[in-house]
Structure formats: structure tokens, C-alpha cells
Number of protein chains: 2
Amino acid sequence: MKVTELAKEFGTTPDTVRYYTRLKLLNPAKSVNGYKSYSNKEVSRLKFILSARNLGFSVADIKEIINESEDGKSACPLVRSLIKERLEETEKQFQAMLALRGKMSSALSRWEEMEDKAPTANMVCHLIENFEQIKKA
Amino acid sequence: MKVTELAKEFGTTPDTVRYYTRLKLLNPAKSVNGYKSYSNKEVSRLKFILSARNLGFSVADIKEIINESEDGKSACPLVRSLIKERLEETEKQFQAMLALRGKMSSALSRWEEMEDKAPTANMVCHLIENFEQIKKA
DNA sequence: TTTAAACCTGTGTGTAAGACACAGGTCAAG
DNA sequence: CTTGACCTGTGTCTTACACACAGGTTTAAA
């Protein structure tokens, strides 16, 4: 299988496949003409990678998981521990986005009934600069 | 004012100040010794930048806003239009994170009562690979 | 068989928003 | 005058790919 064929097989892009290949998550043989040739093993490997990405694992995580399994060990304990970390991070980011969304939406509605103002020497836009004060130390 | 002083003034890092300076959002004079010297104007400029970042504007947005205001025009219309875009993006990302969080958390709890398995030729980790099927084309 | 268009290849670089590394400069205390 | 602490600018690294590009391959028509 060539790069583009493999990518289409799972609805991803050739660039993504090439990226994983550069990181040696996939290890295709070299075809006569220098093209990369992916075997069935690579196909299921890619499927695994995409599933893991879908679940929030980083590419570095995935590399670690694969290394573990190539040592013949069960990757399950590692996988459980990693997803705990990632879930915590996701939760933090989620809360941050929740707060940001609220701020943005409140700014938007407040700004719709405020007038335009020309900039001054030390004020670029009064909408932004008066919305929330950044505290000085 | 030197880089570190300015950074501390607003609870940010010298690297951040240097980054904005590289992008010419801040335009310090050069001190005799080659150090950058920030005036009062730069101080309020940084405050503006941090406020805008806080509200979800990208650094590129901020550059655009500053350019507008340096042409003497009111940046308010641009600011309103930009925040609408950014809010939409944020909303999309928010929904994506919500879904991801759900998936991760359900995976975590499901995996806690599943056994470890050794890897096989075409299976790296059954927890991940059996969680959700990636569809073939 | 020749040729041309369409498609594909690998490699190299660009992206956002800073964080980090590093060799050297500056400054106060002794 | 020297030490040590702190600071400086510049350059590189990060994530997870997307994009650009010069050239190779394949298919179809001529």
C-alpha cells in the first residue's frame, strides 16, 4: 500500500500518515522506486494510532504505548495511567474554555450597545481596555 | 523600563514581552548598552495586549487592531467583528472538548474493570482498540 | 509508441504563542 | 577588584500536522 491509499482507507490525510512515519510509529518497507510500502501490520497500527488520538492521547503517549507493547509487555496499565493524566488536563482546559466563552459572550453583547471611540495616545480600544482591568503588581 | 521590570509589572514573563517585541507590537528604544527600553506608552500598550489576549483575541488579531488604531481610525468595529469570529471558534472547540471529556471519562471508568492483555501481532492495546471502531472507507 | 495530463512521491518548511537554552553583559556587596 | 546574582538578546524547541515544491509515475489519448 502506498501513502495515499492507506490514508484514504481511514479517512485521514497522506500528510498525517507521513508524519507518523517520520516519527517511526509506522515502519513501511521501501519500494523499488523509493516509495514507502505499508503492510497489513502497518494498516492495523495506523488504526490503533487514530483510535488513540481520538481518545485524547498525544502522539508522544502513543509512541510510549507502542514501545511498551513491542517489549512484549501489556500496555494496559500505562494506558490507564495516561488517560487519567490526559483527562485531568482536558478537564482544566474545559473549565478554562467555559470561562472564556462566558467572558467573550458577555463582552460581545455589552459592546453592541457601546459607541465607537477614536484611539488616543494611551488607549487603543476602549471596549477592550475598559472591559476588565488587568491588575498591576 | 527593562524587559523584566515590565513583565513583572503585569505578572507576565520576560519571554512574553520579548515575543511581542519581536512582532513589533511593542517598540522599545534601544538603551546605550543595547538593552531595550520601554516607555510609558509601551506600558499601556502591553496592558492592552494582555487584556485582549485574555478576551480570546489572537496575537495576529491584536496586531490588526493596533494597526487600525495607528491609522487614527476607531478600532471598535473591527474589534466587534473579530470577537464574533473568535467566539464562534471557541464555541466549536468547547463542544469538541465537551465530547472528548465524555469519551475519556467513559473510557476511564470502563477500563478500570477490564483485564490487562498482552499485545499481539495486530493489536497494541485491546482497551483502546475495542473502545470505538474507526470506520474503514 | 509517443506524449500529455493527472496524480502521486519524499523532503523541507510554516504554523501559534510563547518556553527554554546559552554565552555573555551588568550591578551591588564585599 | 572580584565574586555572585541577576539580567540581556538571539536562537532553537514545542504540537500535530498542512502546505509548497521539484520531480517521478500512471493512465489515456493520439
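- Remark: the backbone N or O of Cys76(A) is paired with a side-chain donor or acceptor of Ser74(A) at under 3.5 angstrom.
- Of the possible polar contacts, one joining the Ser51(B) side chain to the Lys47(B) backbone as a donor-acceptor pair under 3.5 Å is found.
- Ion pairing between Glu89(B) and Arg86(B) holds under the 4.0 Å rule for side-chain N and carboxylate O.
- A salt bridge is absent between Asp116(A) and Lys73(B): the closest approach of a Lys/Arg side-chain nitrogen to an acidic carboxylate oxygen does not fall below 4.0 angstrom.
- Bracketed by its first and final contacts, the part of DNA chain D lying under 4.0 Å from non-hydrogen atoms of chain B reaches from dC7(D) to dT12(D) in 5' to 3' order.
- Side-chain atoms of Val124(B) and Ile128(B), non-hydrogen and from C-beta on, never get closer than 4.5 Å to each other.
- Members clustered with Tyr35(A): none, using a 4.5 Å side-chain heavy-atom cutoff among hydrophobic residues.
- Atom CG of Leu46(B) and atom CD of Glu42(B) lie 9.5 Å apart (nearest 0.5 Å).
- Side-chain heavy-atom separations under 4.5 angstrom define the hydrophobic clusters, and Met123(A) shares its cluster with no other residue.
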Atom pairs, N/O to N/O, protein against nucleotides 24-26 of chain C, distance under 3.5 Å?
none

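- Met97(A) belongs to a hydrophobic cluster whose other members, connected by ILVMFWY side-chain contacts under 4.5 Å either directly or through intermediates, are Phe94(A), Leu98(A), Phe94(B), Met97(B), Leu98(B).
- One can place NZ of Lys63(B) at 15 Å from P of dG18(C), the figure rounded to the nearest angstrom.
- Between Trp111(A) and Phe57(B), the ring planes are parallel. Angles under 30° get that label, and only those over 60° would be called perpendicular.
- Within residues 13-22 of chain B, the residues that have a heavy atom under 4.0 Å from DNA chain D are, in order of number, Arg18(B), Arg22(B).
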